[in-house]
Amino acid sequence: MNEPQKLSAVTVIGLGPMGRAMTRALLSAGHPVTVWNRTPARATDLVAAGATLTATPAEAVEASDLVLLSLTDYRAMHDILDRSTTSLAGRTLANLSSDTPDRSREAAAWAAGHGADFLTGGVMVPAPMVGTPAAHVYYSGDEQVMRRHAATLELLGAPKYLGADPGLAQMMYQAQLAVFLTALSSLMHATAMLGTAGMKAAEALPELLASADRIGAILRAVEQVPGTALDAGEHPGHLSTVTMMGATADHIVETSTTLGLDLALPLAVQAHYRHAIDNGHGADNWTRIIEAIRSPR
């Protein structure tokens with residue numbers, strides 16, 4: 001009888017909620033996992049589950065060909081690994097921490113300078129969903145390196161490879177969070193508005209979330225592949241215009257002012273529509289506001 005193939009070793013550096021979730025997913029699949037964290041106590045239950053805790057980052061890096069980084073930002077990577085660069089040669093660093101696209105590119109060059117391959121990753125689910133069918137992770141960097149580790153990385157979530165530019169995955173991650181964080185702020189603003197009328201959050205949020213859930217369907221009802229007209233530089237205003245949407249933005253600002261709410265979010269939205277109207281595009285589709293975002297005053 002053939003013995004089962006031994007799975008490759010993986011190192012996880014950073015044991016916040018995301019790093020812990022990654023470690024559990026890898027252990028569950030049978031991978032030997034080495035971990036390191038500034039606070040060793042965070043590894044106690046992971047060690048009990050089979051992980052190996054090292055005393056230094058260098059030992060953690062040397063334990064595996066694939067090193068996953070789950071840290072606060074890229075500065076933390078340098079704080080941890082700058083004294084262990086002699087251990088990097090021949091390894092692959094997959095940094096799944098949040099930062100800017102430029103810092104991802106700088107980190108890839110830094111890794112290459114020490115003989116290591118580098119992948120940028122952006123995990124698009126919260127920690128409890130890591131390793132589930134609902135999880136997906138954006139990656140960018142050398143395609144052959146991505147292919148070499150794809151089977152392992154797939155255990156964290158479906159890998160979506162974007163291209164060779166190390167900044168691409170970080171750009172997509174930040175773009176996704178721009179939508180997410182703005183949506184969260186808008187939900188809280190709307191909840192605060194309704195709260196002034198005596199409506200509890202438990203009443204308001206289900207209605208608001210139902211509205212948010214319909215946005216994708218609304219956009220697809222207008223255009224089968226949303227963004228096609230935008231790519232063509234077309235902004236047909238036969239269904240909704242900048243002027244119409246801008247009037248609504250004005251009403252939201254006025255209502256929020258009357259209620260004594262913070263105006264940062266509604267004023268930002270209003271400014272996009274006013275920019276388009278001031279530039280003679282009031283009859284165009286609301287998508288024309290992208291110009292105020294691309295080229296702010």
Side-chain angles (χ1 to χ4, degrees), residues 7-8 10-31 33 35 46 64-74 77 92-101 103-105 107-108 117-184 187 209 212-220 223-228 231:
L7 295 175
S8 59
V10 183
T11 288
V12 178
I13 293 179
L15 297 178
M18 194 65 72
R20 292 168 60 80
M22 293 176 190
T23 301
R24 291 192 191 97
L26 293 165
L27 287 171
S28 294
H31 282 269
V33 183
V35 297
L46 298 174
S64 312
D65 289 336
L66 176 61
V67 180
L68 305 182
L69 302 170
S70 180
L71 304 166
T72 303
D73 52 25
Y74 275 44
M77 176 189 73
T92 296
L93 301 181
N95 196 329
L96 290 91
S97 314
S98 175
D99 215 304
T100 68
R103 290 198 183 98
S104 293
R105 296 181 183 109
D117 294 317
F118 191 88
L119 292 172
T120 304
V123 183
M124 300 314 305
V125 293
M129 295 175 67
V130 167
T132 71
H136 66 280
V137 184
Y138 290 107
Y139 293 97
S140 62
D142 187 280
E143 186 172 8
Q144 290 188 351
V145 175
M146 178 67 203
R147 287 179 178 175
R148 186 162 72 242
H149 297 291
T152 302
L153 295 174
E154 192 168 7
L155 296 171
L156 310 181
K160 296 189 176 185
Y161 177 71
L162 297 178
D165 176 2
L168 274 176
Q170 196 68 253
M171 189 81 78
M172 176 62 82
Y173 180 74
Q174 300 300 340
Q176 296 273 3
L177 287 179
V179 174
F180 182 62
L181 293 181
T182 305
L184 294 183
L187 285 169
L209 287 170
D213 289 343
R214 287 193 293 269
I215 291 175
I218 292 169
L219 294 181
R220 292 185 183 90
E223 190 175 32
Q224 187 173 5
V225 181
T228 302
D231 284 336

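Quick note: residue numbers are just sequence positions, from 1. Because the structure is predicted, anything quoted here is derived from the model rather than measured.
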A.B. asks: Run the side-chain contact (heavy atoms from CB on, under 4.5 Å) test on Met18 and Leu96 for me, step by step, so that the C-alpha distance in whole Å, both residues' side-chain angles and the decisive distance to 0.1 Å come before the verdict.
C.D. replies: CA-CA 9 Å; Met18 194 65 72; Leu96 290 91; over 6 Å; no
A.B. asks: Are any of the side-chain heavy atoms of His136 and Pro159 separated by less than 4.5 Å?
C.D. replies: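 No, side chains not in contact.
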A.B. asks: Grab the two heavy atoms, one from Ala107 and one from Phe118, that are nearest each other, plus how far apart they are.
C.D. replies: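 Looking at all heavy atoms of both residues, the shortest contact is CB-CZ, 3.6 Å.
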A.B. asks: Compare every heavy atom of Ala21 with every heavy atom of Ala127, then report the nearest pair and how far apart it is.
C.D. replies: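 It is O-CB, 3.4 Å.
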A.B. asks: Go through it in stages, so that I can follow the logic: the residues are Leu119 and Leu93, the test is side-chain contact (heavy atoms from CB on, under 4.5 Å), and I'd like the CA-CA distance, side-chain angles, deciding distance and then a yes or no.
C.D. replies: CA-CA 6 Å; Leu119 292 172; Leu93 301 181; over 6 Å; no
A.B. asks: Looking at CG of Asp73 and OG of Ser98, how far apart are the two atoms once the value is rounded to the nearest 0.5 Å?
C.D. replies: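 One finds 8.0 Å between CG of Asp73 and OG of Ser98.
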A.B. asks: Once rounded to the nearest 0.5 Å, what's the spacing between atom CE of Met77 and atom CD1 of Ile13?
C.D. replies: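 So the CE of Met77 and the CD1 of Ile13 are separated by 10.5 Å.
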A.B. asks: Any donor and acceptor pair, going by atom type alone, linking the side chain of Ser97 with main-chain N or O of Leu71 inside 3.5 Å?
C.D. replies: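 Looks like yes, one N/O pair under 3.5 Å.
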A.B. asks: Evaluate the side-chain proximity of Leu66 to Thr11: yes if any heavy-atom separation is below 4.5 Å, no if none is.
C.D. replies: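 SC-SC contact between Thr11 and Leu66 ruled out.
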A.B. asks: About how many Å separate CE of Met22 and CG of Leu27, when rounded to the nearest 0.5 Å?
C.D. replies: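 Leu27 CG to Met22 CE: 13.5 Å, rounded to 0.5 Å.
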A.B. asks: Which pair of non-hydrogen atoms, one from Gly131 and one from Ala25, has the smallest distance, and what is that distance?
C.D. replies: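 What the structure gives for the nearest pair is CA-CB, 4.4 Å.
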A.B. asks: Under a 3.5 Å cutoff, is there a donor and acceptor pairing between the side chains of Tyr138 and Gln170?
C.D. replies: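 No, no side-chain donor-acceptor pair sits under 3.5 Å.
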A.B. asks: Does Leu46 reach the side chain of Arg20, with side-chain heavy atoms less than 4.5 Å apart?
C.D. replies: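 The answer is yes; the side chains approach within 4.5 Å.
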A.B. asks: Is any side-chain heavy atom of Val130 closer than 4.5 Å to one of Arg24?
C.D. replies: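 No; the side chains remain at least 4.5 Å from each other.
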A.B. asks: For Tyr139, what residues pass the ring-ring contact (aromatic ring centres under 6.0 Å, His included) criterion, not counting sequence neighbours?
C.D. replies: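 Result, ring-ring contact (aromatic ring centres under 6.0 Å, His included) vs Tyr139: none returned.
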A.B. asks: Can you check whether Thr120 reaches Tyr74 side chain to side chain, under 4.5 Å on heavy atoms?
C.D. replies: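 Yes. Closest side-chain heavy atoms under 4.5 Å.
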A.B. asks: In the structure I gave you, are the side-chain heavy atoms of Val67 and Thr92 within less than 4.5 Å of one another anywhere?
C.D. replies: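 They are not in side-chain contact.
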A.B. asks: Closest heavy-atom contact between Ser70 and Gly19?
C.D. replies: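 It is OG-N, 3.3 Å.
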A.B. asks: Could you point out which residue of His149, Gln144, Arg148 forms a side chain to side chain donor-acceptor pair (under 3.5 Å) with Asp117?
C.D. replies: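 When His149, Gln144, Arg148 are each tested with Asp117, the side chain to side chain donor-acceptor pair (under 3.5 Å) holds only for Arg148.
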A.B. asks: At their closest point, which heavy atom of Val10 faces which heavy atom of Ser64, and how far apart are they?
C.D. replies: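 Heavy-atom minimum between the residues: C-OG, 3.1 Å.
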A.B. asks: Would Leu209 and Leu187 count as a side-chain contact (heavy atoms from CB on, under 4.5 Å) here? Give the steps.
C.D. replies: CA-CA 8 Å; Leu209 287 170; Leu187 285 169; 3.8 Å; yes
A.B. asks: Is a side-chain donor or acceptor of His31 paired with a backbone partner of Ser8 at a separation under 3.5 angstrom?
C.D. replies: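 Flag set: sc His31 to bb Ser8 pair under 3.5 Å.
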A.B. asks: Kindly say whether Thr100 contributes a backbone atom to a donor-acceptor pair with the side chain of Gln174 at under 3.5 angstrom?
C.D. replies: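 Not confirmed, Gln174 side chain does not pair with Thr100 backbone.
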A.B. asks: With a 4.5 Å cut-off on side-chain heavy atoms, are Leu68 and Asn95 touching?
C.D. replies: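 No, side chains not in contact.
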A.B. asks: Please report the interatomic distance CZ(Phe180) to CE(Met124), rounded to the nearest 0.5 Å.
C.D. replies: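 CE of Met124 is found 9.0 Å from CZ of Phe180.
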A.B. asks: Between Asp165 and Ser140, does the side-chain contact (heavy atoms from CB on, under 4.5 Å) criterion hold? Intermediate values first, please.
C.D. replies: CA-CA 6 Å; Asp165 176 2; Ser140 62; 5.7 Å; no
A.B. asks: Donor-acceptor check, side chain of Glu143 to backbone of Tyr161, threshold 3.5 angstrom: yes or no?
C.D. replies: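 No, because the side chain of Glu143 does not come within donor-acceptor range (under 3.5 Å) of the backbone of Tyr161.
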A.B. asks: I need the Leu155 CG to Ser28 OG distance, nearest 0.5 Å.
C.D. replies: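 Reported to 0.5 Å precision, the distance equals 9.5 Å.
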A.B. asks: Should the heavy atoms of other residues, nucleotides or ligands under 6.0 Å from CG of Asp65 be counted, would the total exceed 12?
C.D. replies: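 Not buried by this count: 12 neighbours or fewer within 6.0 Å.
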A.B. asks: Might you point out which heavy atoms bring Val125 and Met129 nearest each other, and give the distance in Å?
C.D. replies: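 Smallest interatomic distance, heavy atoms only, reads CB-CB, 3.8 Å.
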A.B. asks: Quick check: does any side chain N or O of Thr228 sit under 3.5 Å from a backbone N or O of Val225, one acting as donor and the other as acceptor?
C.D. replies: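 Present.
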